[in-house]
Structure formats: structure tokens, C-alpha cells
Visitor: 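One structure, as C-alpha cells, below. Some questions next.
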Amino acid sequence: MCKLFTKKNFFSFAWPWNWIGLLLSFGVGISLYGAMQWSLEYDAAERFRNLARGSQSKVMAGINTYTAVLRGAASFFHSVDTVTGDNFQRYVQGLDLRRNFPAIVSIDFAEHVPADRQARVKRHGRHRAVHGTTGHRRAPVKRRAALRAADVIALIEPMAELKARIGTNIAARPEEEQALADSRDSGALSASVQPGGGARWPEMALRLPVYRPARALNTVEERRAAYAGSVGIRFRMDQLVLQAVQEIPVRNVRMTLRDMGQRDDRTMPASSTDGMLLFDNAAPDKVAPADGAEFSYVLPIDFHGHTWHARFTVPTESLYSRFDAFLPWLALVAGFAVNMLTYALFHALLSSRLRAIDMAKTMTRELRESRANLQLSHLKLRRLAAHAEQIKEEERKRIAREIHDDLGQNLLALRIEVGWLTARTGPRQRRLHERASCILAQIDHTIKSVRQMINNLRPAVLDLGLGAAVEWQIAQFRQRSGIVCEFIESGDQHAIDDACAIAYFRILQESLSNILRHAHASLVRVELRQQDGVLSMSISDNGVGLQAHNRNQPGSFGLVGIEERIGLLDGVFSISGKRHSGTTIHVSVPLGREAPGSTGAAEARCQNRVS
């Protein structure tokens, strides 16, 4: 009996149950080994895909950031009446490209020079810019313009490094000329790939058209007539993409970026290995893994009409730790030894996945909280601005009341005393009587000035309603200027709060003041209307029309101030006018809204999101 349990007989073919148990345990271990191997590969692939999508998002965010810089530069040209080399240089220096946008190589403005002006530009070396750029030497149009319209670089920063590009015709090649023409006709952004200028990888170029100010841009013909040139930026692809790749917490990740052509290009290659190579972070002498096992993931990136394919590749072993490489064998041993260890192993994997899901939910919740906090900050800033405006109006009202109660009463008492003195003096005291009369006249003039100061601070007629205040202001304007001023009022203004009435009154004051100073008008029409819960006011004149140089004059309230007042009331502001056709300002505010600065409901919603 003891001979049956010797080592030799225990593993012999004569002992079938041992073989059945051995094969069953081995089968369970092999199954667990295969399952574990597949699970590791799946988790690694998913993790790598998420990392690749994160890099894709960072590249797209960088493209959007540099596009915003370009739009900001275009807005600078549209918002400034006269662009000089100095203020353009100050604008670019204010961006601090090296610190904030390190991938940007240059920001330039290319002026559109028709063929008939090129000879004059070459002869004089300086010409009048169509957009108002002055104060800097203009290089003549370089060769290859050849009796065609040219787009010549007139401004470029940093000037010290790129001065040689001044005067370069960026529309020398037919495809570049066509791209600029399409952008000019549509007003849309154009993108292209430029030589790297000594860099390892090409540079990306983005351009936006710039039109002459105060021109209609509704049709293609109008945009062509108003076209002044284009503003563009160039940025290095390697600096834009390399940072996104370096932030991937995995070794030996290779990223290749290829331009597959425009979205509507039917000849766009289907394979992600075709197209123009834009970026490849792999070293030239880098070789593929010996076993050829690697993960590869291709993601599209939209670059303003161009489709890029970002291919992410990583060796399989880079996604595995040393412990991961032994996990399948550990599962094999555990399954062979005891099934409970296999269950525990799967339970650990399930727990890790649940923790990953919880981490993703936590990150999503933190992102939502950050967004809610940002909205709450915006609401608080808006409430602060409204509160400051309210405090200013209350301070004006207080000062006017103190002047009326204190200085006004003192001047009235002084007038009574001087009047008594004037009445007491007569022909026997002629010189004293004359002096007293002069003092009395001076006191009357001072009282009139004090009353004017009180009215300027806050007219008492505002207490009678907005309609009465508007009618009084129009009468004062008509008396002061001699200009015919019509007032049309419709609807009942009984539901207008004090903040809205003050805002409308100040807007009317500023508008009438601008008309008197700039419009040279002979007729002004003011219309105050309340209909369907909306209070609107229109101020129109028949003057010289809207002039760009009349905006934001020193000492004036300005169109920006009017727009800010209406914005605090959640209203709408618009201004229209043409040269020699007058100007019309229209403002409207919904009644029954939440009071300015009382953003409690919106703030409560944001706080609920945070909590």
C-alpha cells in the first residue's frame, strides 16, 4: 500500500486522477494566463488611446490659442484708426511672445498693393498705406510681382530678426495668390504650410483679411473694394506639438503628424502614412522594437480646412511595468495552485478599473466646479461694476443735495442781506449803492451757476419721471444750441426703475453733447417708446454722419461707456450712420428684469453647481 504513494508512482500514468487534476489545474492556469494577457493589452491600449486623445486636445487647444492671437491682431488693425510701426511694435511686445506664445515666429501685416501703384512704391520707397499705417520706411515691392497686384509685407515683428522680409510679396506664387483672394472674398481665415527657414520642420502660417474701416462688407464686391491687406502669424510646428508629446507619461512614444490636404480635396490620401510630414519626434537612428509589438493610434486634427493625421505609436513593453510582465505567469501559478487566488486577482483588477472610473468622475466634477466658479467670478465682477455705477449716482445726488441745502441756502441768505443793503442805499450814497448792486448781480450769477451745477450732477426733474427728464434735457439743448430738436414719446413709462431712468438720461446727455460738438446737424429727433415690456430710445440727426476720428475723444463719455451702461441693464445698443447721412443711436432695455448688480439668482445657481 505504501508503494502506491511513492514519488515514482504518484506521477506515473498508472495514477489517472493525478493527471486529471494536473490537466484541469493546468487548463485553469492557461485560461487565466490568456485572460490576464488580454486584459493587460486591453487596459494598455485604452490608456494609450486616452493619452493620445489628450495630446490631440492639447494640439487643438494650441492651434485655437494661436488662432485667437491672429484674430486679436486683426482686431487691433480694425480698432485703431492709424497703425504705425511703433504702436504695432508695442502691441506685439505687449503679447510677450517668447513667454506666452513661444511657438510663434512672427506677426506681420501684408498690404495689398494694386499693379498701378507698384511703380510709385518702387520709385519712392514709401507710399501711403491703405489702412492708415504711417511713420515707417516702406521697402519697394520685390521682384516677381510682374504687373499683378501684390501683397507686400509692410509690418513685421520681431523686426530685428525679420527686417529682411519687409517688402516681400507673399502672393508671388499662384496658389498663395488664390488663397489670399479666397480669404479676401469670404472674410475667412486661410492656412498654409511654409518652409521652416532653417528649422527641422515646416512652419504653419495663418492669415486673416483686413478691410478699410467704415466700409460695407456684405457682398464680395464690397469686400474686394474695402480690402486693405492681411495680417498673419507664423509658428513652428515642432514647438507646438513637442510639448503635448512630452507631457505623455509613457516612454518611447512616437508621434507623426501629416497634412492630408483640404477636407474637400478628393485626392486626399487615405493612408495615414501618406501626405506631407509636419512633425516626427523620433530620432533618425531610432529602430522599431525587435518583436514588432507596438500600439498605434491615428486621430484627425482639423487645421482650418486642412485635415491632419496624428499617428501615435509606442512599443508594447513601454506601457507595461516590470510587475505587469509577470502578472500572466502569476495568474498561471495562482490558478494552478488554488482557484480562490484567481478570484482575488480578478477582484483586484475590477477594483482598479472602478478606481479609474471614480478618478474620471472626480476630474469631471472638478472641471464643472471650476467652470461654475469662473461664471460666479464673472457675475461678481458685473455686480461690482453695477454697484460702482450706483454709488457714483448716489454720490452725485448727495453732493447736489448738499450744495442745494448748504451753499444754496447761504447764497440766498446773502442775497437777501445784500438786497436789503441795496434798498437802503440811495442817491445820497450812490457809490455804495452801485457796489451793492454789483455784488447783488454777482450773487445772482453765482446762484444761477450753482443751480446749473446741481442740474449737471443730478437734475431734480428726474424725480418726475424719465419722460419729463428727457423733455427738459431736450429743451435745455434746444435753448443752448439753437438746433431744432423733436421729441416723440409713446407708451407709459410708469414701470421704469431709477437705475434705468438715470442710464437713459446720461446716454441722452452724451449723445446730444456729441451731436453739438461733431455732427453739425440742423435737426435732431429723439424717440422714447415703451412697448411689449421693452423700453427703447432712438437719437438721430441729419449731420455729417459717423466719423471714425470722432470716437473716444478725450473728456467725452464715449460709445464704450454707453454700451457698458446698457450692458449692465441687459439691454441692446446699436449705432448706425453713413457719411453725410446722419447718425442714429438706438438703445433698448427689457423692463421687469433683475436689477443691475442683483445677480443673486444667477450666483445661487453657480454656487449650487459648485456644491
Side-chain angles (χ1 to χ4, degrees), residues 389-487 489 493 498 501-526 528 539 541 543 550 553-558 561:
E389 189 65 28
Q390 182 180 0
I391 292 298
K392 183 172 66 175
E393 291 295 338
E394 290 178 356
E395 187 66 15
R396 286 180 175 179
K397 184 176 181 180
R398 184 189 65 81
I399 294 174
R401 184 172 59 250
E402 290 184 357
I403 291 176
H404 178 271
D405 295 342
D406 190 3
L407 182 59
Q409 295 299 328
N410 292 337
L411 288 174
L412 183 60
L414 184 61
R415 188 190 186 286
I416 293 174
E417 293 296 331
V418 175
W420 178 84
L421 179 62
T422 304
R424 289 285 183 171
T425 58
R428 292 177 301 175
Q429 299 174 334
R430 181 173 300 175
R431 295 184 62 184
L432 180 59
H433 179 75
E434 290 177 356
R435 294 293 297 172
S437 299
C438 291
I439 295 173
L440 184 62
Q442 187 66 31
I443 292 174
D444 290 336
H445 179 72
T446 305
I447 291 175
K448 184 177 180 181
S449 300
V450 169
R451 289 176 179 173
Q452 185 63 34
M453 291 170 57
I454 294 174
N455 286 330
N456 290 336
L457 287 172
R458 189 185 187 278
V461 73
L462 271 174
D463 298 331
L464 303 178
L466 179 60
V470 171
E471 189 172 0
W472 174 82
Q473 182 63 36
I474 290 175
Q476 293 290 320
F477 173 76
R478 188 186 299 116
Q479 181 180 1
R480 184 173 65 255
S481 64
I483 299 175
V484 177
C485 189
E486 300 178 356
F487 176 50
E489 181 180 12
Q493 283 82 31
D498 189 59
I502 291 175
Y504 269 60
F505 184 78
R506 297 301 182 193
I507 291 172
L508 177 63
Q509 278 186 327
E510 180 64 25
S511 301
L512 293 178
S513 177
N514 288 337
I515 292 173
L516 182 60
R517 287 184 295 175
H518 307 296
H520 304 291
S522 60
L523 176 63
V524 178
R525 179 179 287 106
V526 180
L528 186 64
I539 306 152
D541 63 80
N550 286 337
Q553 291 288 332
S556 65
F557 186 81

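What you see below is based on every heavy atom in this structure, not just the backbone, and it leaves out hydrogens, waters and symmetry mates. The residues of the chain are indexed from 1 along the displayed sequence.
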Visitor: What is the distance from atom CD1 of Ile483 to atom CD1 of Ile474, rounded to the nearest 0.5 Å?
Guide: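 The distance works out to 12.5 Å.
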
Visitor: How long is the span from the CG atom in Leu508 to the CZ atom in Phe477, to the nearest 0.5 Å?
Guide: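 Spacing of CG (Leu508) from CZ (Phe477) equals 9.5 Å.
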
Visitor: To the nearest 0.5 Å, how far apart are CG in Leu512 and CZ in Arg480?
Guide: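 Rounded to the nearest 0.5 Å, the CG-CZ separation comes out at 7.5 Å.
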
Visitor: May I ask you to test the Leu412-Ile443 pair for a side-chain heavy-atom distance under 4.5 Å?
Guide: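 No, too far: nothing below the 4.5 Å cut-off.
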
Visitor: Could you tell me if the side chain of Ile502 sits less than 4.5 Å from the side chain of Arg506, heavy atoms only?
Guide: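 Of all side-chain heavy-atom pairs linking Ile502 with Arg506, at least one is under 4.5 Å.
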
Visitor: Testing Val526, Leu523, Val524 for side-chain contact (heavy atoms from CB on, under 4.5 Å) with Glu486, which one passes?
Guide: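 Filter result, single survivor: Leu523.
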
Visitor: Supply the atom-to-atom distance Ser437 OG to Gln442 CD, rounded to the nearest 0.5 angstrom.
Guide: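 One finds 13.0 Å between OG of Ser437 and CD of Gln442.
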
Visitor: If you round to the nearest 0.5 Å, how far is CG of Asp541 from CG of Asn514?
Guide: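 The CG atom of Asn514 sits 10.0 Å away from the CG atom of Asp541.
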
Visitor: Start with the C-alpha gap between Leu414 and Ile439, add the side-chain angles, then the distance that decides, and say whether side-chain contact (heavy atoms from CB on, under 4.5 Å) holds.
Guide: CA-CA 10 Å; Leu414 184 61; Ile439 295 173; over 6 Å; no

Visitor: Could you check if a side-chain atom of Glu489 sits within less than 4.5 angstrom of a side-chain atom of Phe487, using non-hydrogen atoms only?
Guide: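 Of all side-chain heavy-atom pairs linking Phe487 with Glu489, at least one is under 4.5 Å.
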
Visitor: What's the shortest heavy-atom distance between Leu528 and Gly467, and which atoms?
Guide: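 So the minimum-distance heavy-atom pair works out to CD2-CA, 4.3 Å.
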
Visitor: Find the distance between CG (Leu440) and CH2 (Trp420) and round it off to the nearest 0.5 Å.
Guide: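 It comes to 14.0 Å.
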
Visitor: Test your reading of the model: is there a side-chain donor-acceptor pair from Ser449 to the backbone of His445, 3.5 Å cut-off?
Guide: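 It does hold such a pair.
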
Visitor: Is there a donor-acceptor pair closer than 3.5 Å between any side-chain N or O of Arg478 and the backbone N or O of Cys485?
Guide: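 At least one qualifying donor-acceptor pair exists.
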
Visitor: Count the heavy atoms belonging to other residues, nucleotides or ligands that lie under 6.0 Å from CD of Glu471, then report whether that count exceeds 12.
Guide: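 No, the 6.0 Å shell around CD holds no more than 12 heavy atoms from other groups.
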
